[in-house]
Each structure stands twice: as C-alpha cells, then as structure tokens.
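To start, the structure itself, in structure tokens.
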There are 2 protein chains.
Amino acid sequence: MNTLEEVNDFVHNGHQEYLPHISIDPVIFGYHQQQLKILLLKWKGLEGWGLPGGFIKRREPLSQAANRILQEKTSLSNLYLQQFHVFGDSPYRIRERSAREYKEKFNLDVDDDNWLLQRTLSIGYFALVDYSKVTVQTDFFTEDYQWWDVKEVPPLLFDQNEVVEKALLTLRRQIYHQPIGYNLLPEKFTLPEIHTLYETILGKELDQRNFAKKLIALGLIQKLNETRAIGAHRSPFLYQFEKENYEQALQVGIVHTY
Amino acid sequence: MNTLEEVNDFVHNGHQEYLPHISIDPVIFGYHQQQLKILLLKWKGLEGWGLPGGFIKRREPLSQAANRILQEKTSLSNLYLQQFHVFGDSPYRIRERSAREYKEKFNLDVDDDNWLLQRTLSIGYFALVDYSKVTVQTDFFTEDYQWWDVKEVPPLLFDQNEVVEKALLTLRRQIYHQPIGYNLLPEKFTLPEIHTLYETILGKELDQRNFAKKLIALGLIQKLNETRAIGAHRSPFLYQFEKENYEQALQVGIVHTY
DNA sequence: TCAAAAGTGTTAACGTTACACCCATGT
DNA sequence: ACATGGGTGTAACGTTAACACTTTTGA
C-alpha cells in the first residue's frame with residue numbers, strides 16, 4: 001500500500017474487502033544482543049509508536065489473516081504465532097474517532113461514518129521471530145520502524161501498551177508449560193544466549209548450572225562439537241534444539257519450574 | 001426478547017445497536033452431583049444445541065458485554081468470567097449463511113445482506129457458576145435449556161464443540177496456576193466434593209490424602225466444626241475457602257502439581 | 001454387626017536449590 | 001600474566017508420590 005490511489009481505495013472501500021470493527025495487533029518478539037525486543041512502527045502524522053496491525057479479509061480464516069499481516073510487514077512466513085487476548089475495554093477503543101481528527105493527522109478526506117473511524121476491537125497475537133531474518137516493509141501510513149527492548153517500550157497508540165504487557169505476561173506464563181526459543185534463536189546458539197533469554201522472559205535470575213542441567217535433562221538441547229569465537233576470552237560451545245523432544249514438549253505441555 | 005415485535009426489531013435493526021461480525025459465546029460451567037456440567041440452549045428450528053451467545057453493544061466495553069449476556073441468560077451477576085480464545089477459522093464461520101436458510105429455520109423474513117447472516121467471529125468466554133443458583137431465561141429463539149455433563153456434550157451448532165473443548169483445556173491448564181472452586185462450589189463443601197471436582201477437571205485420579213494435605217498446606221481451605229448428613233454411612237466434615245489466601249493465589253499465580 | 005464412606009501419617013524417591021573453583025582464550 | 005567469561009559437580013533440602021488401616025455412621 002504505497003501509492004495514493006491504493007491508500008484512498010483502502011480508506012474508502014476497505015470495508016468491502018475487510019471486516020470492520022476488528023483488527024489484529026501482533027506483538028513481534030525478537031532476541032538480539034541479550035535483549036528481548038519488540039518491533040514497533042512509527043505511524044505517519046501520529047505522535048506515538050504502534051504495533052504493526054491489520055484487518056481480516058471477509059472470507060479469510062482468522063489465523064490466516066494473522067499470518068498474512070505478519071508476512072506483509074516482516075517478510076517472514078512459518079513463524080511461531082499465537083493469539084492471546086481480545087482487547088475491547090479501553091475507552092480509546094469505544095469512543096469513535098472523528099473525521100476531523102483523521103483529516104488532521106493523515107491529511108485524508110473521510111466521511112464521519114467511515115469504517116476506519118468506528119469502534120474497533122483488537123485481537124492480540126504474539127509472534128516469536130528470528131531477529132536476524134526480519135526485513136521490514138514500510139508503506140504510506142508508516143514512516144519508520146524500530147526494535148525496542150521490552151524494558152524500554154515507549155508510549156504507544158491507544159491501549160497498545162496494555163497489549164504488549166499482556167503479551168509478555170502470556171509468554172512468561174507459557175514458558176512454564178512449553179519450551180520457547182526455537183523461533184527466537186538462530187539454529188545454533190550458546191548456553192549463555194538461551195540462559196539470558198529465559199532470564200529476560202521470566203524477569204529473574206536463573207542459576208547457570210541448574211538451568212543447563214534442566215534443559216539437557218529434559219532432552220531439549222544438545223551440545224555440538226563446535227565453539228563460536230565471539231571476542232576476548234569467549235568461545236562458548238554451540239548447542240541446538242532436539243527437534244523431536246522439543247516438538248513433543250510443545251504439544252503435550254509440561255509443568256515445571258526453572 | 002420475547003415478543004415478535006422485539007425479535008423483528010433485533011433482526012432488522014440490531015446492527016444499529018450491536019457490533020456486527022463479532023459475538024460472545026460463553027461456556028458456563030457448573031458442578032452438580034460430582035459432575036462438571038455446562039449449560040446449553042436448544043435453539044428453535046435448529047437441530048443442535050448451542051452456547052448462550054450474544055452480541056456486543058456499540059459503545060459497551062467488551063467485558064461488560066460478556067457479563068451482561070451472562071446475566072441475561074442466567075440471572076447471575078458477579079460470577080467468575082474469563083475470556084479464553086477467539087474463534088474465526090472454522091468454515092462455518094466464514095461462509096455467510098443464506099437468507100433462505102434463515103427463513104426456513106426461524107420463519108423470519110430477512111434480506112440477503114442482513115447483519116445476522118454475515119460472517120461472525122466468536123469470542124469464547126468461560127464462566128464458573130454455582131449450579132444451584134442459576135435460573136435460566138428462555139426467549140423467542142430458544143425453546144429449552146439443559147445442563148450437560150462435559151463428558152457427554154451433544155453435537156453443537158457451528159464449531160461450538162471446539163469452543164467447549166478449548167474452554168475445558170484452558171480450565172485444566174489454569175488449575176495448575178490458580179485455585180478453582182470458589183465459584184463452582186457452595187460456600188461450604190466437603191473434601192470428597194472438591195476432590196472429585198479437581199479430578200473431573202484434570203481428567204485423572206488424585207490421591208485422596210495428598211490432595212487434602214496440599215490444599216490445607218497452601219492455606220486455601222479450612223475445616224469447619226460441622227458435618228453434613230448426606231445419606232447412609234456418610235457425614236463428611238464441611239470445609240470453606242480461606243478467602244484471603246485464595247484471592248492472593250488467584251492474583252499472584254502459582255506453579256504446582258496436584 | 002455389617003457395610004459403606006470418610007478420615008488420617010509415614011516413608012522413599014525424586015527434583016530443586018544452593019554453592020565456588022578451574023580452564024580456556026585473547027589481550 | 002592477567003583478566004574475562006565459560007564450564008562443570010555435589011550435597012542438603014523440600015516436595016511429591018505411594019501406600020492401608022481405623023473410625024464413624026446408618027441400615
């Protein structure tokens with residue numbers, strides 16, 4: 001969506017192609033330099049940053065819509081994607097926005113009953129992606145994008161800070177039942193990497209030895225005969241996930257602590 | 001909604017009051033005679049049973065809508081109510097239904113573009129209620145209601161069997177993090193009652209002694225100096241929840257097995 | 001007095017936690 | 001050589017899991 005023609009068509013006729021009143025807002029998690037990050041877009045004409053959301057096509061299955069929206073923004077397919085909550089309580093999402101406000105911000109002429117101005121619920125999804133493989137597409141509405149450390153998320157549009165909070169919370173709870181990491185880390189990774197990842201998600205320190213013991217005891221990771229030289233005094237061993245056990249743990253679910 | 005006038009108004013003008021394309025479908029759990037049950041409605045003119053769903057008013061917060069719908073059907077307020085998933089993948093929910101089909105089933109004249117015929121996503125909620133306190137309201141669309149053992153749920157409309165399945169799964173997972181029972185049991189209950197409840201939700205046997213020990217050790221329940229005579233050779237002690245610890249466990253969340 | 005249900009403790013196995021020193025490498 | 005980060009084992013503790021008999025009550 002880059003030409004003015006396309007944008008005008010979307011704004012004025014989009015409701016024929018998309019379902020009104022419902023959007024999908026993905027929280028995209030990536031991991032880089034020992035930090036858990038999320039991908040945010042800067043919307044043109046608006047102050048804040050926001051999630052890379054989108055709408056559902058009228059005959060498109062919901063999960064397919066979520067995948068499509070993610071792919072449009074990040075050029076990634078086959079990522080880990082999971083629905084976690086519907087947001088429909090915030091006053092921002094109830095009071096319809098005015099056409100005037102829209103005109104001022106986007107410089108687009110819209111009627112008062114335009115579909116984009118009406119109340120819209122948001123279905124929250126979170127995605128776990130390999131940071132290094134993401135390439136972001138910007139379009140007419142977005143002027144910039146940036147990865148933000150989850151500890152330093154800026155004020156977001158509407159109630160989207162709440163969306164991010166809840167995504168983190170869900171991730172944190174889920175890690176007690178299912179392994180996480182396959183989608184966030186490169187194929188080969190070091191113990192310190194996955195160790196810090198888990199600490200970051202859980203927001204607490206985990207004993208180095210016990211953590212490694214646990215993952216190996218569960219059969220989730222295996223040591224490779226390679227090391228990676230990453231600077232002074234540092235050449236940790238590489239590990240990779242044991243796909244079979246990992247998949248099984250994902251599906252069956254487990255209950256344990258770290 | 002009982003008079004023909006009200007029904008016609010809802011069918012033809014409901015989209016002015018309610019958001020189209022989104023419904024709320026509550027799975028209402030109750031517990032009676034050692035069985036976990038859900039409340040289903042028989043829709044007039046349709047073969048199957050279904051969930052007591054409803055729509056969201058245009059300016060109504062989502063969670064308020066869910067509470068209102070539940071109260072309209074069960075006359076209960078202040079119950080435990082939780083969102084768990086949005087359903088939008090099933091082909092039933094994508095193919096728009098035809099006006100002819102609607103006419104045949106409900107004997108109502110509607111246009112092809114009537115809001116009730118269009119694709120509708122469903123937001124799944126589950127409620128935990130005190131079985132003995134529910135009184136069900138039927139209306140024009142519903143001709144009967146019935147509590148069903150979760151082990152014997154009949155074929156439901158659309159993809160609602162999937163909704164029930166997912167509700168149970170969510171409940172089962174949640175019980176590892178938060179206590180459940182306060183909303184399902186009467187104020188005073190016996191050990192065998194809560195024991196069977198947990199066994200039913202988890203779908204597996206739990207050691208009698210260990211189970212009681214655990215709940216008492218966690219400070220969730222306390223023994224009363226009363227017994228209940230419930231038949232031959234049976235007069236178990238009554239217990240009640242320790243509200244403070246219970247609430248705290250609900251909010252903080254815990255990780256444990258049973 | 002007999003049948004049915006409720007109540008009650010102990011022990012062994014297992015998993016979790018706490019804890020510190022050596023080794024390899026690059027500067 | 002030294003500074004930094006990575007790697008590794010053991011012991012105490014707490015939790016879980018397995019197990020059966022006694023008591024009460026009503027018929």
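Everything numeric in this text was worked out from a predicted model, so none of it was measured. Each chain gets a letter, A, B and so on, in the order its sequence line appears, and its residues count up from 1.
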Can you name the ring-ring contact (aromatic ring centres under 6.0 Å, His included) partners of [X], sequence neighbours left out?
| X | result |
| --- | --- |
| B/Tyr145 | none |
| A/Tyr198 | A/Phe211, A/Tyr258 |
| A/Phe141 | A/Phe106 |
| A/Trp43 | none |

Q) Who passes salt bridge (charged side-chain N to carboxylate O under 4.0 Å, His left out) against A/Lys188, sequence neighbours left out? A)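 So A/Lys188 forms a salt bridge (charged side-chain N to carboxylate O under 4.0 Å, His left out) with A/Glu226.
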Looking at residues at least two apart in the chain, or sitting in another chain, which of them share a side-chain hydrogen bond (donor to acceptor under 3.5 Å, both in side chains) with [X]?
| X | result |
| --- | --- |
| A/Ser122 | A/Asp25 |
| B/Glu199 | B/His195 |
| A/Asn67 | none |
| A/Asp149 | A/Gln35 |

Q.
Show the nearest heavy-atom pair for residues B/Arg172 and B/Ile201, with the distance to one decimal.
A.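 Looks like NE-O, 2.7 Å.
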Q: Kindly indicate whether the side chain of B/Tyr31, heavy atoms from C-beta on, has any atom under 4.5 Å from the side chain of B/Leu185.
A: yes
Q. Mapping B/Gln208 and A/Ala212 to their closest nucleotides on DNA chain D, which lands nearer the 5' end?
A.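 It is A/Ala212, whose closest nucleotide lies nearer the 5' terminus.
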Return the value, rounded to whole Å, for the distance between atom [atom1] of [X] and atom [atom2] of [N].
| X | N | atom1 | atom2 | result |
| --- | --- | --- | --- | --- |
| A/Arg228 | D/dG7 | CZ | P | 11 Å |
| B/Phe211 | C/dT8 | CZ | P | 15 Å |
| B/Tyr176 | D/dT16 | OH | C1' | 13 Å |

**Q.** Nucleotide nearest A/Asn210 (side chain, heavy atoms from C-beta), chosen from D/dG9, D/dG7, D/dC19
**A.** D/dG9
Q: Using a cut-off of strictly less than 4.0 Å between a heavy atom of the residue and any atom of DNA chain C, enumerate the qualifying residues of residues 213-226 of chain A by number.
A: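 DNA chain C contact set from residues 213-226 of chain A: A/Lys213, A/Lys214.
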Q.
Please give me every residue in residues 184-207 of chain B whose heavy atoms get under 4.0 Å of an atom in DNA chain C, ordered by residue number.
A. B/Leu191, B/Pro192
Q. Has the side chain of B/Arg209 got a donor or acceptor atom sitting under 3.5 Å from an opposite partner on the base of D/dA17?
A.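 No.
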Q: Indicate for each nucleotide in nucleotides 22-27 of chain D, in 5' to 3' sequence, whether protein heavy atoms under 4.0 Å reach the base (B), only the sugar-phosphate (S), or nothing (-).
A: ---BB-
